[in-house]
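Because only heavy atoms are used, hydrogens play no part in the values below, and waters and symmetry mates are left out as well, while side chains stay in. All residue numbers refer to positions in the sequence shown, counting from 1.
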Amino acid sequence: MSEYFRKYIKKEHYANHYTNLKFKTSFRNCILEAFKRRLWKETDGDDWDIMWAEKEWIHEVMDHTHLQPNQKINHFRNHYELTRKDLMIKNLKRYKKNLEREGKQEDANNYNFYPLTFHLPSEYPIFFEEFKRQSQNGDTKTAWIMKPIGKSQGKGIFIFNKIQQISQWKNTLRYNQDNPQAEAYIVQKYLADPLLIGGKKFDMRIYLLCTSYQPLTLYLYRTGFARFTHHRYDNEDITNTYVHLTNVAIQKTSDNYDEKLGGKWNLQTLKLYLMAKYGQEKVAETFYNIQMLMIRSLQAVQKIIINDKHCFELYGFDILLDAQLKPWLLEVNASPSMTSNTPIDFELKCGLLDDVFTIIDLEKVLTGNEEQIGGFDLICKGAPIKLPINSTFTTYLGAFNNRQQQLKKIAKSTAIRLAQTYQETQTKAIEIGSKGQKEKEEKDKQMRSSSKGPQAMQNGVNGSNKPNNLSKQNTIMKRNTTNLPALGAVQNKSNIKRQPLQNAGQQQQQLQQSQSNSSKKNNPNEDSMLSANQKLQKLTQESKINQFQPYKQQSQYNDVMGMGSRNLQKNEE
């Protein structure tokens, strides 16, 4: 993660902490430096999260490799549909014709930003006819530029204005197509009136990041640079590559090369210079046309490129301005050079790559709806994004790059949002845990009650033993006693409790009965002298006053009737 995000976002708030991320690359320039600045770990195995690969790896290995859901790579599978010179022109022409067939003539007219181009040798007859037509019109000094379709850094490029100058090349390629040294070329009409600054020719390198083709999602970097030649422009001297080609790989071999400045201008410096010379409105229109040129180029190949969620692409557009400030697309680079030749260039490219990695968002901290991330501005998401009407800008290309301030701002807002999300997640987890605990307790309670059910049915109604005990007592009484008046004693007792005594005579009678009972207890010999019938009669009378005790009455009844002694005697026999 960028240093600004690491400063404000706490470790526990990351969905995927940056210390867990691994990268893989074979480059040893600004790309490696940008990776290390983010504190990611380098790996040589297949356990990488992001890989900055060479184009050859994509062509040879990627189609045979299964990528994990978390892995990202810096090229689309058929990126060459836009980055190979011949295919780029072919797709732009095809898309323009399709718009014309659909009756969208106005949109088709906007595809006029590339020079007249032919593919050789397949279109050599057509090119030859065009060359003769322009010669017959008196334009004998028209220059054409030849470019190999699969090379970069200005290799193999040359300029000619006579058909005889390519005869030897034509014969070699046309009649020896099996020769491995032979290579296809494109030929373009050379722009003979380029915009000059200080008498020198220049072009612009502008960076565009594509994260998806479905929908088409593009981010334009505010800062680019202008590359100048180190020799004054001369249209007559077409053989001097130092005059006509702005590639740094060529210019740094010149005797006039300035190692301190590197022959580059910051894009903002260039824009301010042009505003001072040509006016703000005209320059703003020019830079807006550059932005739309880049969007239209990717729209032309949108249905052809194989969209893959694992892939992203950082394009380097080479654009030339003519004397009327009209932008022309020269080529699109799939692997723009990330080797710096000055300290300013080094910081520019490291900051550019850092913002690319922030947009890719391997840490999963962004929402995906940000309109600006670092130095990148979102210019297309399904359709081109237009700035508000009251905005002073038509495009932020070439404007002041406030990436540091913007990264701090977005890092703070992201930290607050992640902290709130983390707190809500924790609260929700606690609520879910307590709810689950309650459900578990209720479930255990239900299980306990259900386990008591059969036992309760066995013991009595609703698991209570008390009614069963009473029923057992009543059953014993009914089976063993024949003293019906004893049952009536219960009713008499309840009446005594419920109704107050009517007079003192009743109280005196009860007192005398209690005294007689106590005297009987003190004189047990008196009871032993009575007969069995007399004892039974006394027991019946006492039961009217005493508390209802069926077991005690049963034992007394047995004693009176002599049943206990008979049973004992029977057992002894």
Checklist entry - Which of these, Phe287, Tyr207, Tyr221, sits in a side chain to side chain contact (heavy atoms under 4.5 Å, CB included) with Leu267? => result Phe287
Checklist entry - So among Ile186, Thr117, Leu82, Thr83, which one has a side chain to side chain contact (heavy atoms under 4.5 Å, CB included) with Met88? => result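 Filter result, single survivor: Leu82.
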Checklist entry - side chain to side chain contact (heavy atoms under 4.5 Å, CB included) between Ser254 and His231: does it pass, once the steps are laid out? => result CA-CA 9 Å; Ser254 172; His231 294 258; 2.9 Å; yes
Less than 4.5 Å apart, side chain to side chain, heavy atoms only: is that true for [X] and [Y]?
| X | Y | answer |
| --- | --- | --- |
| Phe158 | Gln165 | no |
| Met292 | Pro384 | yes |
| Glu370 | Leu378 | no |
| Ile58 | Asn78 | no |
| Asn74 | Met51 | no |
| Pro148 | Ile157 | yes |
| Gln188 | Trp144 | no |
| Phe113 | Pro327 | no |

What closest approach, in Å, do [X] and [Y] show between heavy atoms, and which atom pair accounts for it?
| X | Y | answer |
| --- | --- | --- |
| Ala399 | Phe393 | CB-CE2, 3.9 Å |
| Leu270 | Ile197 | CD1-CD1, 3.5 Å |
| Ser122 | Pro125 | O-CD, 4.2 Å |
| Pro69 | His310 | CA-CE1, 3.8 Å |
| Ala53 | Ile73 | CB-CD1, 4.2 Å |
| Cys350 | Ala34 | O-CB, 4.3 Å |

Nearest 0.5 Å please: distance from the [atom1] atom of [X] over to the [atom2] atom of [Y].
| X | Y | atom1 | atom2 | result |
| --- | --- | --- | --- | --- |
| Ile379 | Leu220 | CD1 | CG | 4.5 Å |
| Gln134 | Glu129 | CD | CD | 12.5 Å |
| Leu218 | Ser212 | CG | OG | 9.5 Å |
| Gln291 | Leu397 | CD | CG | 7.0 Å |
| Ile166 | Met146 | CD1 | CE | 5.5 Å |
| Asp203 | Thr246 | CG | OG1 | 3.0 Å |

SB check [X] [Y] (cutoff 4.0 Å):
| X | Y | result |
| --- | --- | --- |
| Arg403 | Glu347 | no |
| Asp258 | Lys260 | no |
| Asp345 | Lys349 | yes |

Next on the checklist: Under the side chain to side chain donor-acceptor pair (under 3.5 Å) test against Tyr242, which residue among Thr253, Asn256, Asp255 passes?
Outcome noted: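 Going through the options one by one, the only one that passes is Thr253.
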Decide whether [X] and [Y] meet the rule of one side-chain donor and one side-chain acceptor closer than 3.5 Å.
| X | Y | answer |
| --- | --- | --- |
| Asn402 | Gln372 | yes |
| Asn341 | Thr339 | no |
| Asn247 | Gln251 | no |

Checklist entry - Do His244 and Tyr190 pass the ring pair (Phe, Tyr, Trp, His ring centres under 6.0 Å) test, and can you show the C-alpha distance, the side-chain angles, and the key distance before you say yes or no? => result CA-CA 10 Å; His244 299 280; Tyr190 186 68; 5.5 Å; yes
Next on the checklist: Let's go through Glu54 and Lys24 carefully: what are the C-alpha distance in whole Å and the side-chain angles of both, what is the deciding distance for salt bridge (Lys or Arg N to Asp or Glu O under 4.0 Å) to 0.1 Å, and is it a yes or a no?
Outcome noted: CA-CA 11 Å; Glu54 297 179 355; Lys24 184 177 182 180; over 6 Å; no
Next on the checklist: Does Leu348 form a side chain to side chain contact (heavy atoms under 4.5 Å, CB included) with Thr223? I'd like the steps, not just the answer.
Outcome noted: CA-CA 8 Å; Leu348 185 152; Thr223 304; 3.4 Å; yes
Item to check | Contact list for residues 59-72, test salt bridge (Lys or Arg N to Asp or Glu O under 4.0 Å), sequence neighbours left out | outcome: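 Counting only pairs at least two positions apart or across chains, the salt bridge (Lys or Arg N to Asp or Glu O under 4.0 Å) contacts touching residues 59-72 are Asp63-Arg77.
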Checklist entry - Checking ring pair (Phe, Tyr, Trp, His ring centres under 6.0 Å) against Trp265, which of Phe202, Phe225, Phe228 comes through? => result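 One option only clears the test, and that one is Phe228.
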Checklist entry - How would you list, by chain and number, every residue that makes a ring pair (Phe, Tyr, Trp, His ring centres under 6.0 Å) with Tyr95, sequence neighbours excluded? => result Tyr111
Next on the checklist: Over 60° means perpendicular and under 30° means parallel, so tell me whether His230 and Tyr257 are parallel, tilted or perpendicular.
Outcome noted: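 Geometry flag for Tyr257 against His230: tilted rings.
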Item to check | Aromatic plane relationship, Trp40 with Phe35 - under 30° parallel, 30 to 60° tilted, over 60° perpendicular | outcome: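 Phe35 and Trp40: tilted rings.
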Under the side chain to side chain donor-acceptor pair (under 3.5 Å) test, residues paired with [X] that sit two or more places apart:
| X | answer |
| --- | --- |
| Lys22 | Asp47 |
| Gln71 | none |
| Asn289 | none |

Item to check | Pi-cation contact, Trp328 with Lys326 (under 6.0 Å, within 45°) | outcome: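 Geometry flag: set, cation within 6.0 Å and 45°.
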Item to check | Cation-pi check, Lys93 onto Phe118 ring (under 6.0 Å, within 45° of axis) | outcome: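 Judged by the rule (NZ or CZ under 6.0 Å from the ring centre, within 45° of its axis), Lys93 counts as positioned above Phe118.
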Under 3.5 Å, which donor-acceptor pairs link side chains of residues 311-319 to any protein atom two or more places apart or in another chain?
| from | atom 1 | to | atom 2 | distance (Å) |
| --- | --- | --- | --- | --- |
| Glu313 | OE1 | Phe76 | N | 2.9 |
| Glu313 | OE2 | His75 | ND1 | 2.6 |
| Tyr315 | OH | Tyr213 | OH | 2.7 |
| Asp318 | OD1 | Arg205 | NE | 2.7 |
| Asp318 | OD1 | Arg205 | NH2 | 3.1 |
| Asp318 | OD1 | Arg227 | NH2 | 3.4 |
| Asp318 | OD2 | Arg205 | NH2 | 3.4 |
| Asp318 | OD2 | Asn333 | ND2 | 3.2 |

Quick check against the 3.5 Å criterion: does [X] have a side-chain atom that pairs as donor or acceptor with the backbone of [Y]?
| X | Y | value |
| --- | --- | --- |
| Arg94 | Ala300 | yes |
| Gln406 | Gly374 | yes |
| Arg417 | Val365 | yes |

Next on the checklist: Going by salt bridge (Lys or Arg N to Asp or Glu O under 4.0 Å), Asp354 matches just one of Arg38, Arg37, Lys36. Which one?
Outcome noted: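 It is Arg38, the one option of Arg38, Arg37, Lys36 that forms the salt bridge (Lys or Arg N to Asp or Glu O under 4.0 Å) with Asp354.
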Checklist entry - Ring centroid separation for His119 and Tyr124, is it under 6.0 angstrom? => result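 Aromatic pair excluded; centres sit 6.0 Å or further apart.
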Checklist entry - Near Asn110 CG, under 6.0 Å, is it more than 12 heavy atoms from other residues, nucleotides or ligands? => result yes
